[in-house]
Amino acid sequence: MSVKTRNRPAPAEQIRKRTLAAIHAGANKLGLAEDVYRDLVERVSGEHGTAVRSAAKCDKRQLDAIANELRRLGGMPARAEYAAKKWSGRPKGDLAPQVAKVEALLADAQRPWAYAHSMTKHMFKVARVEWCNADQLQKLIAALEYDAKRRAAKAEGVS
């Protein structure tokens, strides 16, 4: 029996590809001409290492700097905007206060709804928060509150 393996890129390579794609999308959103885009890449990469005119030739630090510059110019959403996105599916009735509590805990932790969805999938084998019953939501709230206490204790230890 042979085991088939997938040729997946390493996680660092995946992040690099995503960052490059986001940079290109941000440049397109701003409507930058090719020469203006390459001038921007050269200027920002030169501030953080060897100046190059191609984002593909930049290292991670340079790519992050280019992405930050595009965010500053309005071509990419700010990182905080990802966490602030509203979850569209709201359960009706008695579960609404519990879901509001989950939303408040996520906002306090600056975490996206995807974090809560992955927790429900891990804890209850339920793919989405909106599919949880009242007992499952209560356990999810308890887990998020425990996480908040852990983060607070860790922050006090660091300060």
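Taking OG of Ser118 as the reference point, atom CZ of Arg128 lies at 11.0 Å (rounded to 0.5 Å). In this structure, NE2 on His117 lies 9.5 Å from CH2 on Trp131, to the nearest 0.5 angstrom. Atom OH of Tyr37 is separated from atom CG of Leu30 by 11.5 Å, given to the nearest 0.5 angstrom.
A pairwise comparison of heavy atoms in Leu63 and Ile23 identifies O-CD1, 3.5 Å as the closest pair. Contact detail for Ala27 and Leu70: the closest heavy-atom pair is N-CD1, 4.2 Å. In plain terms, the two heavy atoms of Ile66 and Cys58 that are nearest each other are CD1-SG, 3.8 Å. Taking both residues in full, the closest heavy atoms of Leu95 and Asn133 are given as CD2-C, 4.3 Å, listed atom of the first, atom of the second, then distance. For Ile141 against Leu105, the heavy-atom pair with the smallest separation is O-CD1, 3.8 Å. Of all heavy-atom pairs between Leu106 and Ala116, the closest is CD1-CB, 3.7 Å.
With a 4.5 Å cut-off on side-chain heavy atoms, Val129 and Leu137 count as touching. For the pair Trp113 and Glu103, the minimum side-chain heavy-atom distance is below 4.5 Å. The closest side-chain heavy-atom distance from Leu73 to Leu40 is below 4.5 Å. Put simply, the side chain of Leu140 reaches to within 4.5 Å of the side chain of Met119, judged on heavy atoms.
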For this session: Walk me through it: do Arg16 and Lys60 pass the test side-chain contact (heavy atoms from CB on, under 4.5 Å)?
Result: CA-CA 7 Å; Arg16 178 181 170 76; Lys60 182 186 180 324; over 6 Å; no

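Residue pairs meeting the salt bridge (charged side-chain N to carboxylate O under 4.0 Å, His left out) criterion with at least one partner in residues 131-148, sequence neighbours excluded, are Lys101-Glu145, Arg111-Asp147, Asp147-Arg150, Asp147-Arg151.
Here Arg72 pairs with Glu69 in a salt bridge; the nearest charged N to carboxylate O distance falls below 4.0 Å.
No donor-acceptor pair under 3.5 Å is formed between the side chain of Gln62 and the backbone N or O of Lys57.
For Lys121, the salt bridge (Lys or Arg N to Asp or Glu O under 4.0 Å) test picks out no residue, with sequence neighbours left out. Residues satisfying the salt bridge (Lys or Arg N to Asp or Glu O under 4.0 Å) criterion with Arg53, sequence neighbours excluded, are Asp39, Glu42.
No single ILVMFWY cluster, assembled from side-chain heavy atoms under 4.5 Å apart, contains both Val52 and Val44.
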